[in-house]
Amino acid sequence: MPPGALGAAGYNRCLDDTALKMQEKYQPSQIEPQLQRRWEAQQAYAAREDDPRPKYYCLSMFPYPSGKLHMGHVRNYTIGDVLARYHRMKGCNVLQPMGWDAFGLPAENAALANNVPPAEWTYKNIDHMRTQLKALGLAIDWRREIATCKPEYYRWEQWLFTRLFKKGLIYKKTATVNWDPVDATVLANEQVIDGRGWRSGAPVEKRDIPMYFFRITRYADELLQELDNLPGWPEQVRTMQKNWIGKSYGVRFAFKVAAKGDTSPPSPLAGEGGGEGELLWVYTTRADTLMGVTFVAVAAEHPLAAYAARHNPELAAFIEECKQGGVAEAEIAALEKKGMDTGLKVVHPLTGEAIPVWVGNYVLMGYGEGAVMAVPAHDERDFHFAKTYGLPIKQVISEKGERGREKGFSADAWEEWYAGKTGYCVHSGKYDGLGYGAAVDAIAADLKALGFGDKQVQFRLRDWGISRQRYWGCPIPIIHCASCGDVPVPEDHLPVVLPENVTITGRGSPLAKMPEFYQCNCPQCGRPARRETDTMDTFVESSWYYARYACPDAASMLDERARHWLPVDQYVGGIEHAILHLLYARFFHKLMRDEGLVPGNEPFTHLLTQGMVVAPTFYREGANGKKQWINPAEVDVKTDERGRPLGATLLADGRPVTLGATEKMSKSKNNGVDPQTLIDTYGADTARLFMMFAAPPDQQLEWSDAGVEGAHRFLKRLWKAVYDHVSQGPVAAYAGGELSGPLRELRRQIHQTLAKVDDDLGRRKQFNTAIAAVMELMNAIAKCDETGATARGVAQEALEKIVLMLAPIVPHISEALWTELKPGAALPEEPWPMADAAALVQEEIELVLQVNGKLRGQFRVPSAADKAAIEAAALVSEAAQKALGGAAPKKVIVVPGRLVNIVA
RNA sequence: GCCGGGAUGGCGGAAUCGGUAGACGCAGCGGACUCAAAAUCCGCCGCCCUUAAAAGCGUGGGGGUUCGAGUCCCCCUCCCGGCACCA
């Protein structure tokens with residue numbers, strides 16, 4: 001039932017009047033649970049499709065149920081809730097749902113540590129965290145709660161999978177994973193520590209295994225193009241996605257692997273098996289430097305490397321060495337660049353020159369062709385590689401520098417301009433003098449004429465491998481049949497239910513050890529077959545949950561309610577999801593659109609990426625040099641008389657501890673502050689206010705106990721101000737009539753604050769400055785000592801507006817105070833207050849006088865004064881006279897409404 | 001390594017379109033109230049010189065554009081996020 005349907009009288013009838021009767025003291029522990037119970041009983045935040053008001057779908061990234069809420073959650077969900085409540089007051093039909101990203105690795109880790117089945121652990125965590133979330137007073141429609149580990153949810157993911165599989169949007173190929181040879185298990189990147197398995201300690205190896213892939217590259221162009229149609233997204237996120245997709249225009253061509261003494265050009269009919277006479281394909285965006293190629297580098301896994309190593313034990317050993325270590329790109333990119341000559345040569349396609357082929361540990365098989373042409377003179381990485389191994393460096397690009405003189409090239413040291421595209425070809429025969437574009441065109445044309453190369457558009461984005469050799473995930477709905485191949489599970493056999501009673505050993509894949517799970521019959525031929533035992537990447541669940549909230553009980557994947565609510569108007573979540581999650585969700589939206597399930601091309605109209613919550617760290621070093629991290633709650637920090645930290649001691653023993661860096665709150669650094677303690681001590685409103693006040697939402701937020709007390713102090717002051725005001729008897733808010741100067745000024749500030757807060761919450765989404773403006777207004781009220789009925793009327797107006805402006809941020813205290821200020825009225829029905837333009841008018845304004853850009857004084861002018869009048873007023877001002885000393889100014893710059901700058 | 005951010009008093013931050021740097025809060029200092037403490041209220045609070053006023057300096061470092069730069073441009077340092085199996 002929408003709050004409006006009850007009416008103010010009906011809403012207030014649910015009030016326990018005695019318990020909410022105004023106390024002199026602010027007691028959040030009394031107010032908050034009572035209001036939360038009332039909201040729940042009234043279904044005050046249930047969202048309905050038949051509501052005629054414009055819809056506003058406000059979504060915060062759903063949490064992984066790790067055990068208990070952390071500060072990052074409190075921040076994320078408060079931001080979302082402020083926006084949801086603000087838009088509700090603005091007259092929108094708001095949907096704000098909540099659910100659980102319930103599949104994932106930590107449940108299996110917990111199972112290993114505590115011997116609890118992942119399902120049980122997860123459900124227990126969900127129950128606890130739901131209670132915690134409710135204590136925050138979020139305006140959530142809890143009827144729509146979903147958990148991705150429930151078959152009712154993931155069955156539709158399996159259903160979509162089978163549809164996409166039949167469409168050819170899912171395919172199988174091998175991919176490289178981290179392999180722990182001792183635990184016989186595939187490891188996640190975070191489980192590889194310094195090249196070793198986190199539990200076994202064994203050196204990790206790269207291993208190729210078959211996997212299912214989503215053809216996200218088929219949508220690469222659209223995913224890129226549509227970024228320009230997302231003005232509600234932060235520029236930095238769009239830039240990151242653009243670079244991630246990485247559309248490039250280049251040339252794909254082949255070298256022929258030379259048989260001894262053979263310098264003839266390759267034949268287009270040659271094979272690509274990796275032997276002599278066959279083709280070695282590469283892709284380059286710098287075809288203009290083709291004449292400067294001095295070697296070719298292939299990945300250790302490239303067939304040509306294996307071919308060259310057949311009778312070369314040293315090379316074989318090097319290739320083995322390259323297979324050591326994990327697959328994480330960050331790790332590989334940070335490795336020392338190593339390589340070895342294969343002894344093989346390829347033929348330069350244009351010059352016929354023999355070019356050596358090297359194996360390089362920095363060339364990755366999964367990227368492009370797994371082979372690159374190397375131009376040391378014009379690529380920094382190739383340059384350093386060539387220097388290390390004494391390979392030739394051949395300049396083929398030059399550039400004009402100062403006064404049109406040619407820049408000097410030296411193979412001794414790398415310079416930035418070597419890699420530039422603004423020069424022209426040199427030492428390149430017929431291509432000499434051509435610029436970047438013309439040279440690429442000419443060389444591409446020549447390669448094409450030879451029949452083994454052409455221009456090609458390429459993306460950095462790779463297809464999305466979704467197979468995981470894990471238990472706690474959505475089973476991939478495929479049956480492997482010896483005669484029919486990979487057969488998708490038919491619709492009427494879905495869902496493929498994940499068994500919940502399992503024992504996790506940390507060795508191998510649990511489902512692959514459960515015949516009762518994998519033994520089945522082929523849906524096509526009926527013969528015994530084997531069910532796929534891999535589960536899906538958990539990013540798959542989080543790629544479409546936003547749509548399921550619209551219709552959590554639908555008897556299909558989505559129904560018409562998804563068309564009503566989508567797209568999400570406002571999405572709120574951590575910046576760490578800027579690329580992967582947000583790109584996958586955009587991709588899924590397009591997949592679902594093409595299935596006719598969702599409207600529009602993009603899932604999220606506006607995006608707010610919030611910063612992390614950080615806190616100081618404290619530690620002691622053990623005898624073995626290992627740091628023992630101490631929680632900030634167990635530490636007493638001593639400061640000097642200016643508040644600078646002098647040192648810290650452990651409360652338990654009074655002995656010193658070391659103050660470490662301020663870092664993201666984490667288990668590993670033991671610097672997390674439990675939000676539960678905060679809520680228990682000060683109430684949810686204080687927690688919310690502090691989170692919104694301490695930093696702008698997109699910046700990192702530093703935890704501060706003192707800051708929390710400051711936020712609590714403000715709420716106590718607000719409470720007392722209303723109490724004192726109400727105690728003097730009821731009064732109507734000022735509605736017109738003569739005002740004294742100070743009261744007119746106070747009223748002007750009330751309405752100036754209304755305009756500011758509306759802009760901050762609506763357009764800027766910057767809550768700290770909105771709160772600061774309200775605090776300033778509170779200070780102004782306290783300073784105003786006008787008395788009488790009119791003054792009380794203005795005070796009533798001020799307090800009413802303050803309570804309404806704060807309602808989205810601190811909903812409990814606001815609702816309690818509203819009942820006192822306007823007996824019989826219900827806050828959830830109040831519209832957002834708008835500034836009265838008439839109250840903002842000023843007769844005179846103060847401008848700044850600068851001399852040579854430096855502040856030298858102030859002067860007053862009528863607010864209607866034009867430029868000439870302002871200049872005249874400035875020149876006769878005391879400060880101007882003093883600065884000029886009778887001389888005429890050289891120049892006068894007038895910025896109306898701001899300042900006058902006199903150039904003397 | 002590559003891509004994207006960030007750096008402003010003792011601290012968190014403000015300055016929204018190139019126009020008064022430090023709003024608001026915290027900490028600190030001084031005072032009021034109190035038998036006392038806590039709470040609360042009032043005042044001060046960038047650095048430097050100073051009795052004071054005034055001047056000077058000041059937004060990570062170096063250079064530039066401009067009447068005027070925290071904001072724009074170039075170079076550098078450090079910190080943070082992401083890098084495809086943490087979520």
Side-chain angles (χ1 to χ4, degrees), chain A residues 61 63-64 66 101 104-106 109 177-178 186-192 234-237 239-240 242-244 246 327-335 337 362 366 380-381 461-462 464-470 537-539 542 574-581 583-584 609 611-612 614 639-645 661 663-664 690 693-696 698-711 713-714 716-717 720 759-760 763-764 766 768-769 771-776 779 782 846-855 858 890-893 895 897-899 901-903:
Chain A
M61 289 180 184
Y64 178 79
S66 55
D101 188 12
L105 203 50
N109 295 342
V177 295
N178 302 307
V186 176
L187 298 178
N189 284 334
E190 73 158 8
Q191 295 175 316
V192 179
E235 190 62 46
Q236 57 157 319
V237 175
T239 305
M240 280 191 261
K242 213 166 273 185
N243 292 337
W244 184 263
V327 297
E329 193 195 318
E331 203 181 309
I332 292 165
L335 285 178
K337 310 283 170 286
Y362 63 95
E380 190 171 1
R381 212 167 49 169
L461 180 69
R462 311 196 299 262
W464 175 14
I466 54 108
S467 295
R468 298 290 179 270
Q469 299 68 44
R470 309 203 188 292
D537 181 359
T538 57
F539 271 126
S542 56
I575 182 67
E576 64 272 22
H577 296 293
I579 294 174
L580 291 179
H581 162 61
L583 190 67
Y584 292 149
T609 47
M612 301 174 308
V614 299
T639 54
D640 66 10
E641 78 279 1
R642 304 192 65 162
R644 278 181 283 231
E663 294 184 62
K664 176 179 171 166
F690 170 71
F693 180 62
D698 54 348
Q699 276 179 38
Q700 70 170 28
L701 183 150
E702 190 168 324
W703 178 255
S704 151
D705 288 316
V708 171
E709 276 170 40
R713 204 173 299 155
F714 173 74
K716 283 198 287 189
R717 275 177 59 207
K720 185 158 185 300
D759 187 47
D760 279 351
R763 179 182 64 90
R764 298 215 299 157
Q766 184 150 312
N768 55 329
T769 47
I771 294 164
V774 174
M775 285 174 168
E776 277 184 87
N779 292 344
E846 190 175 71
L847 298 188
V848 157
L849 183 87
Q850 292 184 344
V851 177
N852 295 331
K854 292 199 170 176
L855 176 69
Q858 287 85 20
K890 278 196 197 127
K891 194 174 174 183
V892 179
I893 287 136
V895 184
R898 291 237 177 234
L899 56 73
N901 186 17
I902 296 172
V903 185

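We name chains A, B, ... by the order of the sequence lines, and we start the count at 1 in each one.
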Polar pairs (N or O, both sides) under 3.5 Å between protein and nucleotides 19-21 of chain B?
| from | atom 1 | to | atom 2 | distance (Å) |
| --- | --- | --- | --- | --- |
| G19(B) | N2 | Q850(A) | OE1 | 3.4 |
| G19(B) | N2 | N901(A) | ND2 | 3.4 |

Does [N] have its OP1 or OP2 closer than 4.0 Å to a side-chain nitrogen or oxygen of [X]?
X       : N      : result
R470(A) : C85(B) : no
N189(A) : C83(B) : no
K854(A) : C57(B) : yes
R713(A) : A39(B) : no
Q766(A) : A14(B) : yes
T769(A) : A14(B) : no
N768(A) : A23(B) : no

Self-check item: N-glycosidic conformation, G9(B) - syn within 90 degrees of 0, else anti
Solution: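 Here G9(B) takes the syn form, which means its glycosidic angle is within 90° of 0.
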
Exercise. Mind telling me if C80(B) is syn or anti? Syn here is a glycosidic angle within 90° of 0.
Key: anti

Quiz item: Of all heavy-atom pairs between L105(A) and E190(A), which one has the smallest distance, and what is that distance?
Solution: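 Closest heavy-atom pair between L105(A) and E190(A): CD2-OE2, 4.3 Å.
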
Exercise. Name all stems that contain residues of RNA chain B, defined as runs of 3 or more consecutive Watson-Crick or G-U wobble pairs, both distances under 3.5 Å.
Key: B:1-7 with B:77-83, B:10-12 with B:24-26, B:28-32 with B:40-44, B:60-64 with B:72-76

Take the protein atom [atom1] of [X] and the nucleotide atom [atom2] of [N], then report the distance between them rounded to whole Å.
X       : N      : atom1 : atom2 : value
I575(A) : C86(B) : CD1   : P     : 18 Å
Y362(A) : C2(B)  : OH    : P     : 14 Å
D698(A) : U16(B) : CG    : P     : 15 Å

Quiz item: Which of these, V192(A), V177(A), N189(A), sits in a side chain to side chain contact (heavy atoms under 4.5 Å, CB included) with V327(A)?
Solution: N189(A)

Quiz item: Donor-acceptor pair under 3.5 Å: do we get one between Q469(A)'s side chain and the base of C85(B)?
Solution: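 Yes.
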
Quiz prompt | C1' atoms of A55(B) and C49(B), separation to the nearest Å | solution = 9 Å

List every contact pair, protein side and nucleotides 72-75 of chain B side both N or O, where the distance is under 3.5 Å.
none

